[in-house]
Structures are given as structure tokens and as C-alpha cells.
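In what follows, a structure is listed as C-alpha cells, so that the remarks can point back to it.
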Amino acid sequence: MNISTKERLATGTTLMVICLIALSIAWAYSEVRDANQLRRQASDLTRMLTELRMVMFDYRQDGLERARVQWYTVSDNLDRLIADNDFSGTAQIEIINHVRKRRVLERKIFKVLSAAPAVESTAAMGEESRQRSEAQLYSRLLISQQESFKDAFRLTELAASSINTAQQQNLIVILVGLTVIALMIANTSWLIRRVVLNPVRTLQRGMEIIGAGELTHRTNIGLNNEIGDLSKAFDTMTAKLEGTQAKLVVKSLRLQDSV
């Protein structure tokens, strides 16, 4: 194979490997980016749950219409966040479904709580019975929210684990890519020495020997490439020079004998 053909083949192979490595690194970075996005969503979920609990405490303490409206506003934002999540793992989807079911229950409980005075007035319930009923509803709401907090923390842990895994994959891809490139460079260097540098040195030494008058010397570089062709042409030229020199010697001897 000619040197030019080997050069084109090596260049094409190197570029293909570099493209594959670049694609692998891009994929690994996309995995890290997606995992970070999931962690942000889990953090947003925790933040919204905390805000919702604070609003609920305000409403329980004061019972103001402002706090009730704010609870529904935060609750709507939380439900949209849950609906627009990007979680795709089996465990993550299961957790989100649990949170979504609790949100339905929490809305029903808060609706009963916010409508409790009117219902109780109609039913002529006593103050003690009303307080006991409210306490039970608030307790159920707190328990539900606490379970949602636990699920949000689990989502955060799963996202952090995904980030660690993605970062490890990214590191592995980079290390493998660097190793492959290093091996290719080493192999290219070895081929250059074997196919180009060593034969050129052999040809150079042969020229020096022949230049010193040793016309019987042959380079004999048996390579099927441009340097091998040059060696054959050089050896052919040297053989012709040797033949010419031999003829000159014979003619010189004949002239001496005739004299």
C-alpha cells in the first residue's frame, strides 16, 4: 500500500474516531444536563411544598381570605410543576404519581376546611366539636404534606445519584477517548518510523556507501510503496553503474595489453 493511501486511511480513521468520541462526550454531557434539570425540579417541588405549608399555617392561624386565596394560588403552581415534570425513571414516575394523588386529597381537605364555618353554622355544631374536626383535618393535611416532602427528598436523592452516574460516564468516555487517541498517535508514530523514517535512513546509508565507490552495495528495501519503488530504481541505477564500470575496466585492460 502506498504511503499516500495509508496517510488518507489514517487521517480518515482518526477523524472518524474523534467524531465518535465527540459524540460520546456530547451524550455524556447531555446526561449530566438532564440530571441537573431533574434535581432542579425536585428542589422546586420541595420549595413549593414548603411555601404551601407556610400558607396553610397562616390560614390556620388567622383564617383570612387572603391566605385562602394564596393557598389555592400556590397549590395551582405546585400542580402545574408536578404535571410538567421531566422525570422518566420508573421509581421517579411512581413517586410523582403518589404526590399527585396526595395533591387531590389535600385539595379536598382544604376545601372542607375553608368551607367549615358555613357548614358548621348550618349544622349548629358546638365549638369543641368544630375544633376537633378542624384539628383532624389539619392533621391529615400535615401528614399528607409530610409524605410529599419525603417523596420530594427521594426525588432529589435520585437526581443526585443520576448526576453522579452521568458524571462518571462522562469521565469514562473522556478517559477512553484520550486512551484511544494516545494509542492511535503511538501506532501512527510506529508506522511512520517503520514505513518512512527507517527506510529513508537505509536509503541514505546506501547512497553514502555507493558514493564512496562501493557499487556492489544494494539497498534492498522491500516495501510496496513509494520508498520501495525508489529503492528499486536506485539499486537498478547502481547495477547499471557497476556494469558500466566493469566494461570500462575491461576496455582499460585491453588497451594496456595492446600497448
Side-chain angles (χ1 to χ4, degrees), residues 30-169:
S30 69
E31 290 291 309
V32 174
R33 184 186 63 249
D34 293 343
N36 277 317
Q37 175 66 18
L38 294 179
R39 184 173 62 178
R40 284 192 294 270
Q41 289 186 0
S43 298
D44 290 341
L45 179 60
T46 303
R47 178 179 56 80
M48 294 293 290
L49 287 169
T50 302
E51 185 176 353
L52 189 63
R53 172 173 284 192
M54 296 301 296
V55 174
M56 185 196 70
F57 285 151
D58 289 343
Y59 180 77
R60 184 177 183 181
Q61 182 177 358
D62 301 328
L64 299 176
E65 177 65 15
R66 175 189 56 80
R68 187 187 71 84
V69 173
Q70 189 177 3
W71 189 95
Y72 279 111
T73 300
V74 176
S75 185
D76 290 341
N77 293 335
L78 178 58
D79 289 342
R80 280 194 293 270
L81 178 64
I82 294 173
D84 297 336
N85 74 87
D86 296 323
F87 295 104
S88 57
T90 302
Q92 295 170 333
I93 293 175
E94 183 179 356
I95 291 172
I96 285 294
N97 287 335
H98 289 164
V99 175
R100 186 180 289 111
K101 291 178 181 178
R102 290 195 205 95
R103 290 294 306 129
V104 174
L105 175 63
E106 290 168 10
R107 277 184 170 274
K108 291 180 179 179
I109 293 174
F110 191 79
K111 183 178 180 180
V112 173
L113 279 172
S114 59
V119 173
E120 291 166 0
S121 176
T122 302
M125 295 177 63
E127 180 67 19
E128 183 178 351
S129 178
R130 182 187 66 80
Q131 292 179 355
R132 183 168 59 251
S133 177
E134 284 188 357
Q136 291 175 351
L137 290 174
Y138 276 118
S139 177
R140 291 179 61 189
L141 194 57
L142 285 173
I143 292 173
S144 178
Q145 289 182 345
Q146 188 62 34
E147 292 299 319
S148 295
F149 270 115
K150 291 179 181 178
D151 284 341
F153 290 143
R154 287 181 60 197
L155 287 174
T156 303
E157 292 174 354
L158 290 173
S161 177
S162 297
I163 291 174
N164 291 333
T165 300
Q167 288 176 339
Q168 290 175 358
Q169 290 175 344

Rounded to the nearest 0.5 Å, how far does CD of Glu134 lie from CD of Gln136?
-> 11.0 Å
Output the distance between atom OG1 (Thr50) and atom CG (Leu45), rounded to the nearest 0.5 Å.
-> 9.0 Å
Taken to the nearest 0.5 Å, the spacing of Asn36 CG from Ser162 OG works out to 10.0 Å
Ile82 side chain reached by Phe87 side chain, heavy atoms, under 4.5 Å = no
Closest approach of Asp151 and His98, non-hydrogen atoms and distance?
-> OD2-CB, 3.8 Å
How many angstroms lie between CG in Leu105 and NZ in Lys101, if you round to the nearest 0.5 Å?
-> 12.0 Å
Minimum heavy-atom distance between Met48 and Val74, given as atom pair plus value | CE-O, 3.6 Å
Which residues share a side-chain hydrogen bond (donor to acceptor under 3.5 Å, both in side chains) with Arg47, sequence neighbours left out = none
Are the side chain of Thr165 and the backbone N or O of Ser161 linked by a donor-acceptor pair below 3.5 Å?
-> yes
Asp34: what forms a side-chain hydrogen bond (donor to acceptor under 3.5 Å, both in side chains) with it, not counting sequence neighbours?
-> none
Residues at least two apart in sequence or cross-chain that pass side-chain hydrogen bond (donor to acceptor under 3.5 Å, both in side chains) with Arg33, listed by chain then number, are none
Looking at Thr156 and Ser43, what are the two nearest heavy atoms and their distance?
-> OG1-N, 4.4 Å
Looking at Arg154 and Glu157, does any basic side-chain N land under 4.0 Å from a carboxylate oxygen?
-> no
Let me see the working for Val99 and Leu155 under side chain to side chain contact (heavy atoms under 4.5 Å, CB included), right down to the final yes or no.
-> CA-CA 11 Å; Val99 175; Leu155 287 174; 5.6 Å; no
Going by the salt bridge (charged side-chain N to carboxylate O under 4.0 Å, His left out) test, which pairs reach into residues 136-146, not counting sequence neighbours?
-> none
Report the residues that fulfil side-chain hydrogen bond (donor to acceptor under 3.5 Å, both in side chains) with Asp44, sequence neighbours left out, ordered by chain and then residue number.
-> none
Atom of Phe153, atom of Thr46 and distance for their closest heavy-atom approach | CE2-CG2, 3.8 Å
So CG of Leu137 and CD of Glu106: to nearest 0.5 Å the spacing works out to 13.0 Å
Could you check Tyr138 against Met56 for side chain to side chain contact (heavy atoms under 4.5 Å, CB included), going step by step and ending with a plain yes or no?
-> CA-CA 9 Å; Tyr138 276 118; Met56 185 196 70; 4.2 Å; yes
Quick one: do Arg107 and Asp79 satisfy side chain to side chain contact (heavy atoms under 4.5 Å, CB included)? Show the steps, please.
-> CA-CA 11 Å; Arg107 277 184 170 274; Asp79 289 342; 2.8 Å; yes
Taking the inter-plane angle between the rings of Phe110 and Trp71 on a 0 to 90° scale, is it parallel (under 30°), tilted (30 to 60°) or perpendicular (over 60°)?
-> parallel
Could you list all the side-chain hydrogen bond (donor to acceptor under 3.5 Å, both in side chains) pairs where at least one residue sits in residues 81-97, not counting sequence neighbours?
-> Gln41-Asp86, Asn97-Arg100
Quick one: OG on Ser148 to CZ on Arg102, what's the gap to the nearest 0.5 Å?
-> 4.5 Å
What pair of heavy atoms forms the shortest contact from Ala67 to Val55, and how long is it?
-> O-CG1, 3.4 Å
